[in-house]
Amino acid sequence: MKLKKFASLGLAVVMAAGLLTGCGDKKETNANGEEVVELTWWQIGDAQKDQDKVLEKVNEYTQEKIGVKLRINTAGWGDYNQKMQVVVNTGDDWDLCFTCSWANNYFQNADKGAFLALDDYIKDTEMYKNIDSRFWEAAKVQGKTYGVPSEKEIGSMPMWVFTKEYVDKYNVPVDEIHSLEDLEPWLKVIHENEPDVVPMYLTSSYSAPTYMDLIQNPVGIEYGDETLTVKNVFETEKMKSTLDTMRKYYLAGYINKDAATASDDKSIKRFVTKGDGQPYAELVWGKDLGYEVVATPIMDTYVTNISARGALTAINAQTKHPEKAVELLNLINTDEYLRNLLNYGIEGEHWDKVEVPEDEAKAAEGKPYVYENKIKLNEETRKNYSVSYWVQGGLFNTYVLENEPVDKWATFKEFNDSSVEAPSFGFDFDLNPVSTEVAGFGNVMDEFGKSLFTGSVDPEEYLPKLQEKLEATGIDKVIAEMQKQIDEWKASK
């Protein structure tokens, strides 16, 4: 009797275990009967307090729309490169990641096979038809596409950014100021009359104006050079003159003494700094700083592979769900509701719609990328969800802020259409023959770049040291290989 009882209990336990196993194997489905898969997306930027709350809304929408739930992992601006090297190289389980020419190196990761070739997946998508073809051209590595570009400004547009208070006070003719040398008399005025203001505020991320397509920093082709002659930027007369001028400004007290190591401290009063511009950039910078700024371009805008690779999303070559990952990116880049939810957070909590003034709406009639409303951010909750818009997708299907023109994205489109392609645009440098040499450039630039660019050291002493290290790293071999490849590319055009 006891034996039977134990046998029955044993059978019940086995049956229960079987039921539990069956429950564990059951796949989640949406209202359409589609299996819901979860995708992990690595993004650059600071973690947001309300990210989980926003993602809950996102997932409600995406799992019913396309059978996808999203998990977002973030790494801070200073940590993202190192974090993604670990994530990519150790085979972590992830599906999508932010990548570009300056973080989580798009070219190198694509070239080594970490990213999925997308051509067969994207060719019939709406986003592929909508996004400017030059972005897609720049996204090609050895003829294949490894990332979905975020459609934003396509050209490189470095600008001097001036605090409007001092521009107005001293009648500074900013529209006439472009070159580094043009700044000198006004830096002197501020230095002599505003002791609490840094005339030229720089941080460790500053790079001196470079009139060159740096195909593989510090090697590239000067803007406007139709001969496509490959050069070391530090051997150009323009860069030598620039470094001398920066040193002069530093010694004169125009530049903050900690420039080579400083992080941006928005509480520091400054007259001018440098920014990577775009149409209406003054509004964005002013919002971040908390006061009005005005800006002027340093040089003509050029489209290069680097500028057009300013923001992309790549898919893991080992993902189990390539089709769903592409489907998600297509939805983000074409769906107005989802794009603005990811961009700004939850309507009614982080932001509200506001009407467009009638005269402004009428003036914008017929222009592309103009929406029926603008948005007002909630001053109390906006700090809980504030992401870099271009990290997640294109900008042209996002609403504009209440202080921005309703046709802002139409102006961006005009800006992109009118931006001039550098003679080297479209050239795709194959790193493999010189990968060891190129890998050494980063260490040399880390050692010397920040201090030279900010004027913190004497270029007469340190530029030869930089050149010596670059030569030891093999820069001449890189120049020769790049010249060989670009000559072949030019002949094939």
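Owing to the predicted nature of the structure, the values given are computational and were not obtained by experimental measurement. Every heavy atom of this structure was used, including side-chain atoms; hydrogens, water molecules and symmetry mates were not.
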Determine the minimum heavy-atom distance between [X] and [Y], stating which atoms define it.
X      : Y      : result
Asp335 : Tyr61  : OD2-OH, 2.7 Å
Leu328 : Leu39  : CD2-CD1, 4.1 Å
Arg134 : Ser419 : NH1-O, 3.6 Å
Arg309 : Phe107 : NH1-CD1, 3.5 Å
Met159 : Ala295 : CE-CB, 3.7 Å
Phe135 : Glu151 : CE1-CG, 3.7 Å

With distance as the sole criterion, is a donor-acceptor pair present between the side chains of [X] and [Y] under 3.5 Å?
X      : Y      : answer
Glu336 : Tyr399 : yes
Lys112 : Asn89  : yes
Thr145 : Lys140 : yes
Thr398 : Asn340 : no
Asn109 : Asn104 : yes

Pair Val420, Thr301 - check side chain to side chain contact (heavy atoms under 4.5 Å, CB included), show working. CA-CA 7 Å; Val420 178; Thr301 299; over 6 Å; no
[X] [atom1]: over 12 foreign heavy atoms closer than 6.0 Å:
X      : atom1 : result
Lys144 : NZ    : no
Gln142 : CD    : yes
Lys57  : NZ    : no
Asp93  : CG    : no
Glu56  : CD    : no
Glu349 : CD    : yes
Glu372 : CD    : no
Lys376 : NZ    : no

Backbone N or O of [Y] within a donor-acceptor pair of the [X] side chain at under 3.5 Å?
X      : Y      : value
Lys374 : Glu404 : yes
Thr99  : Ala314 : no
Gln485 : Asp430 : yes
Glu28  : Glu35  : no
Lys324 : Ile66  : yes
Thr90  : Val86  : yes
Tyr201 : Asp265 : yes
Thr210 : Ala208 : yes
Thr411 : Asp407 : yes
Thr319 : Asn316 : no

Can you say whether the rings of [X] and [Y] are parallel (under 30°), tilted (30 to 60°) or perpendicular (over 60°)?
X      : Y      : answer
Tyr128 : Trp136 : tilted
Phe115 : Trp94  : perpendicular
Phe412 : Phe396 : perpendicular

With a 4.5 Å cut-off on side-chain heavy atoms, are [Y] and [X] touching?
X      : Y      : value
Met299 : Pro158 : yes
Ile298 : Tyr211 : yes
Asn333 : Val148 : yes
Leu395 : Trp390 : yes
Asn130 : Glu126 : yes
Asp213 : Tyr302 : no
Arg270 : Phe162 : no
Asp95  : Ile315 : no

Could you grab the distance from atom [atom1] of [X] to atom [atom2] of [Y], nearest 0.5 Å is fine?
X      : Y      : atom1 : atom2 : value
Leu331 : Lys65  : CG    : NZ    : 6.5 Å
Glu38  : Lys69  : CD    : NZ    : 6.0 Å
Tyr385 : Asp50  : OH    : CG    : 9.5 Å
Lys53  : His350 : NZ    : NE2   : 6.0 Å
Thr40  : Leu96  : OG1   : CG    : 8.5 Å
Met127 : Asn330 : CE    : CG    : 5.0 Å

Show, in sequence, the C-alpha distance, side-chain angles and deciding distance for Gln48 and Asp52, and conclude whether the side chain to side chain contact (heavy atoms under 4.5 Å, CB included) test is met. CA-CA 8 Å; Gln48 301 298 309; Asp52 289 344; over 6 Å; no
Go through the steps to decide whether Lys484 and Glu488 satisfy the test salt bridge (Lys or Arg N to Asp or Glu O under 4.0 Å), and finish with yes or no. CA-CA 6 Å; Lys484 171 177 165 285; Glu488 291 169 356; 3.8 Å; yes
Please step through side chain to side chain donor-acceptor pair (under 3.5 Å) for the pair Asn59 and Gln63, ending with a clear verdict. CA-CA 6 Å; Asn59 289 336; Gln63 66 184 7; over 6 Å; no
Show your reasoning for whether salt bridge (Lys or Arg N to Asp or Glu O under 4.0 Å) applies to Lys413 and Asp417. CA-CA 6 Å; Lys413 184 72 169 72; Asp417 291 346; 3.0 Å; yes
Is the centre of the Tyr344 ring less than 6.0 Å from the centre of the Tyr389 ring?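 Close enough - the centres of the two rings lie under 6.0 Å apart.
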Would you kindly check if the NZ (Lys) or CZ (Arg) of Lys274 is within the cone defined by 45 degrees around the ring axis of Tyr206 and under 6.0 Å from the six-membered ring centre?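 Verdict for Tyr206: a cation-pi partner in Lys274.
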Test side chain to side chain contact (heavy atoms under 4.5 Å, CB included) on Ile475 and Val219; report intermediate values, then the result. CA-CA 8 Å; Ile475 193 168; Val219 176; 3.7 Å; yes
Take Thr74 and Ile44 through the test side chain to side chain contact (heavy atoms under 4.5 Å, CB included) and record every step on the way to the result. CA-CA 6 Å; Thr74 58; Ile44 191 170; over 6 Å; no
